[in-house]
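Data block below; observations after.
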Amino acid sequence: NAGVMQNPRHLVRRRGQEARLRCSPMKGHSHVYWYRQLPEEGLKFMVYLQKENIIDESGMPKERFSAEFPKEGPSILRIQQVVRGDSAAYFCASSPPGSSSYEQYFGPGTRLTVT
Amino acid sequence: GDSVTQMEGPVTLSEEAFLTINCTYTATGYPSLFWYVQYPGEGLQLLLKATKADDKGSNKGFEATYRKETTSFHLEKGSVQVSDSAVYFCALKGDNTDKLIFGTGTRLQVFP
């Protein structure tokens with residue numbers, strides 16, 4: 001059973017470009033979470049999605065950031081017009097539906113560098 | 001709001017030494033508590049968890065006990081190995097939320 005998959009693992013973008021980060025949850029998992037880790041800091045929650053629904057986006061910056069989890073395909077975190085401060089590691093986690101949702105399984109992360 | 005405070009690192013130990021990494025939390029209600037480990041260049045792996053007061057989570061020689069009276073969840077290991085070198089994150093999940101709140105992480109370096 002493959003774990004949570006994220007791609008690309010490393011992404012370099014120039015200021016003003018768009019970044020698209022993909023996350024495929026574990027098989028059977030329908031809950032996806034995105035976290036951001038700035039250098040030398042802990043992870044900060046960004047958004048929690050279920051299929052076709054955003055459940056909690058309280059950690060998402062108000063501008064330039066969006067996330068989706070379509071019925072088919074991976075979850076996408078999209079950052080428009082990237083700035084240097086967006087450079088970070090972005091981690092996706094997934095959990096199964098139901099009462100065990102407190103256990104989240106993390107992917108390897110996408111390391112975004114904005115030049 | 002809910003928060004987690006961890007001791008700052010790095011923690012530097014010799015192999016076979018005793019390890020303690022302190023973690024305290026602030027939360028309303030009855031949160032679940034977790035320790036995650038991050039090896040260089042990798043994502044986070046769940047190390048252990050506890051979901052109610054006085055529960056002890058354990059895995060790979062690591063232990064942590066959920067102490068509600070002191071709002072703590074300290075990580076301990078009796079004898080560390082070089083392979084335990086990593087960053088350790090304490091985290092909580094509140095009663096009415098699905099998001100994890102992380103501490104800032106503690107880097108552990110174990111030397112032979």
Side-chain angles (χ1 to χ4, degrees), chain A residues 2-10 21 23-26 29-50 53-60 67 69 88-111, chain B residues 1-10 21-27 29-52 55 57 59 66 73 75 86-107 109:
Chain A
V4 177
M5 299 177 68
Q6 290 187 248
N7 67 81
R9 294 291 306 273
H10 300 275
L21 289 62
C23 169
S24 296
M26 287 179 70
H29 288 194
S30 57
H31 299 201
V32 165
Y33 312 80
W34 285 94
Y35 294 84
R36 176 165 64 176
Q37 184 180 31
L38 294 170
E40 304 302 319
E41 293 188 15
L43 279 73
K44 303 288 188 195
F45 169 79
M46 299 181 75
V47 63
Y48 162 40
L49 309 104
Q50 296 178 16
N53 283 307
I54 296 175
I55 306 302
D56 179 355
E57 57 181 347
S58 58
M60 285 280 270
F69 189 17
Y90 292 82
F91 290 96
C92 168
S94 73
S95 66
S99 61
S100 61
S101 62
Y102 56 78
E103 189 154 335
Q104 297 180 17
Y105 297 83
F106 282 79
T110 294
R111 280 157 180 81
Chain B
D2 296 353
S3 66
V4 174
T5 303
Q6 281 182 245
M7 64 187 287
E8 288 192 21
I21 300 178
N22 290 338
C23 171
T24 57
Y25 68 91
T26 301
Y30 301 92
S32 297
L33 302 173
F34 307 84
W35 277 100
Y36 280 84
V37 57
Q38 184 179 33
Y39 297 101
E42 298 185 12
L44 274 70
Q45 300 175 26
L46 178 63
L47 182 59
L48 53 84
K49 65 179 188 276
T51 57
K52 60 182 188 296
D55 268 3
N59 185 25
Y66 187 161
F73 193 54
L75 183 68
V87 181
Y88 292 80
F89 291 96
C90 185
L92 72 81
K93 178 187 164 300
D95 267 350
N96 300 311
T97 177
D98 285 278
K99 64 186 179 187
L100 290 171
I101 295 172
F102 286 88
T104 52
T106 302
R107 183 176 302 278
Q109 297 174 323

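Not measured: the values here are computed from a predicted model. Because only heavy atoms are used, hydrogens play no part in the values below, and waters and symmetry mates are left out as well, while side chains stay in. Every chain is numbered from 1, with letters handed out A, B, ... down the list of sequences.
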- At a heavy-atom separation under 4.5 Å, does Tyr105(A) approach chain B through its side chain, its backbone, both, or neither?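 For Tyr105(A), no heavy atom lies under 4.5 Å from chain B.
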
- Trace of the side chain to side chain donor-acceptor pair (under 3.5 Å) decision for Tyr48(A) with Gln104(A): CA-CA 11 Å; Tyr48(A) 162 40; Gln104(A) 297 180 17; over 6 Å; no

- In Å and rounded to the nearest 0.5 Å, what is the OG1 to CG distance from Thr97(B) to Leu92(B)?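 The OG1 atom of Thr97(B) sits 9.5 Å away from the CG atom of Leu92(B).
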
- Query: Looking only at heavy atoms, what is the nearest atom pair of Asp95(B) and Gly29(B), with distance?
  - Reply: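 In this case the closest contact between Asp95(B) and Gly29(B) is OD2-CA, 3.4 Å.
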
- Identify which part of Gln38(B) has an atom lying under 4.5 Å from any heavy atom of chain A, answering side chain, backbone, both or neither.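 Side chain only.
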
- Considering only heavy atoms, which portion of Leu46(B) lies under 4.5 Å from any heavy atom of chain A: side chain, backbone, both, or neither?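 Side chain only.
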
- Would you say Gln6(B)'s side chain and Tyr88(B)'s backbone share a donor-acceptor pair under 3.5 angstrom?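 Looks like yes, one N/O pair under 3.5 Å.
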
- When Arg111(A), Gln6(A), Lys44(A), Arg9(A) are compared by non-hydrogen pairs under 4.5 Å with chain B, the top option: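 Top option by heavy-atom pairs under 4.5 Å: Arg111(A).
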
